[in-house]
Structures are given as C-alpha cells and as structure tokens.
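This report refers to the structure that appears directly beneath it.
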Amino acid sequence: MAQRKPISQQVKRVPPALLDAAKRVLERSVPNSAIRHSLYIEKSEPFLSTEKMVLIANEGRTDPGYICFFPQQPIMFINSRVDQGVFLRLRVDTSLFQGTVFIGTLDGGNLVFEDCYVWRGKSVADQSFSKRFSLLNTFFHSLC
C-alpha cells in the first residue's frame, strides 16, 4: 500500500488582532465551545439510538479546532482554545465566505473535516448530525 506523505510547507500564523476578531465571531456563532467530547457508552444509549453519527479515531491525539471561512478573510484553522491559528490554502466556492465554520483537526499535513456548526452565516449547531453531515457532503462534492 502506498503511503501518502503531506507536502511540507511553511505555515503562516493568524496575527493576534485577526485571532481576536475570529474569537468574537465564534463566541456569537457557536453556542457551545466544547467541540470534543469523551464517549461514555453506559450513558450514551439514548443519544446513540436516536442520532446518526460518525466516530473518528484521533490517531495523533490532536485537538480539534475551527475551520473558518469569514467574509474578506483568508481561510483559517483556529484551535479549540482559540489562542492560536494558521491560514489554510483551499480552493472553495465563494459562497462559503458568508460565514461558514467547520469542526476538524489539523495534524501535520492532514486536514480532517468532522462537523459543520455554521453554514453560510446561519448556525446549524442545533440541527441533527445527519443534517450537518449532509452539509459536509455538499461542501466536498460541490463547493471544494
């Protein structure tokens, strides 16, 4: 099996002023800043029996963060503590820059999209995971 190797490139950090502005937007847009949860099987039956979900192993133990598409800003990956961020280079449809926030992990050169919290300026965090996952599919198949 061939092994994928990420292309090594210098990452450009998000400057503090832009990071503070992004933090304010995230605080308004994302109702619950806890984006990583431990799974306790004994307490999860009600949720698992009603909600479709995807469990993703986190091999690198990397904390998830926010993948942000804000108006007139470069694409940013901001860690879950919202104290650091890097710019990302992606070719995407401009409609995402109305304010779209995905949850994902950035581990080395691998970017994994896991969830969608804000879609084109509207919060979808309170919708079912199935609905949010369909937005991820739209992103990958039509907008990226």
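Side chains included, hydrogens not; waters and symmetry mates left out as well; all remaining heavy atoms used.
- Heavy atoms only, all atoms of each residue included: S29 and V118 are closest at CB-CG2, 3.7 Å.
- A heavy-atom distance below 4.5 Å is found between the side chains of T138 and W119.
- When side chains are defined from C-beta on, V124 does not count as touching K131, because their heavy atoms never get closer than 4.5 Å.
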Go through the steps for L136 and E114 under the test side-chain contact (heavy atoms from CB on, under 4.5 Å), then give the verdict. CA-CA 8 Å; L136 280 174; E114 299 173 10; 5.9 Å; no
Stepwise, does the side-chain contact (heavy atoms from CB on, under 4.5 Å) test hold for Y117 with L26? CA-CA 10 Å; Y117 275 18; L26 288 169; over 6 Å; no
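- Here the side chain of D107 pairs no donor or acceptor atom with the backbone of N110 at under 3.5 angstrom.
- R132 places a side-chain N or O within 3.5 Å of a backbone atom of Q127 that can act as its donor or acceptor partner.
- Side chains of F87 and F77 form no contact here, defined as non-hydrogen atoms less than 4.5 Å apart.
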Between R81 and D63, does the salt bridge (Lys or Arg N to Asp or Glu O under 4.0 Å) criterion hold? Intermediate values first, please. CA-CA 9 Å; R81 293 178 302 282; D63 284 334; 3.3 Å; yes
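- Under the side chain to side chain contact (heavy atoms under 4.5 Å, CB included) rule, L106 has a single partner from I78, L111, V112, I67, which is L111.
- Ring centroid separation for the pair F140 and F113 comes in under the 6.0 Å cut-off.
- For the pair D20 (side chain) and R24 (backbone), a donor-acceptor distance under 3.5 Å is absent.
- Nearest approach of L96 to V92, heavy atoms of both residues: CD1-CB, 3.7 Å.
- Here the closest non-hydrogen pair linking Q73 and F97 is O-CE2, 3.6 Å.
- Atom CG of residue L90 and atom CG of residue L143 lie 12.5 Å apart, to the nearest 0.5 angstrom.
- Residues R120 and S95 bring a donor and an acceptor atom of their side chains to less than 3.5 Å of each other.
- Closest approach of P71 and G99 over heavy atoms only: CD-N, 4.4 Å.
- Residues K23 and D83 are not in side-chain contact: their nearest non-hydrogen atoms beyond the backbone lie 4.5 Å or more apart.
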For a side-chain contact (heavy atoms from CB on, under 4.5 Å) check, start with the C-alpha distance between V82 and Y66, then their side-chain angles and the critical distance, and finish with the verdict. CA-CA 9 Å; V82 196; Y66 304 96; 4.0 Å; yes
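- Heavy-atom minimum distance, T105 versus P64: CG2-CA, 3.6 Å.
- Note on ring orientation: taking the six-membered ring where Trp is involved, the planes of F102 and F139 are tilted (angle from 30° to 60°).
- Between V86 and V14, the shortest heavy-atom contact is N-CG2, 3.6 Å.
- For the atom pair SG of C68 and CG of L88, the computed distance is 9.0 Å after rounding to the nearest 0.5 Å.
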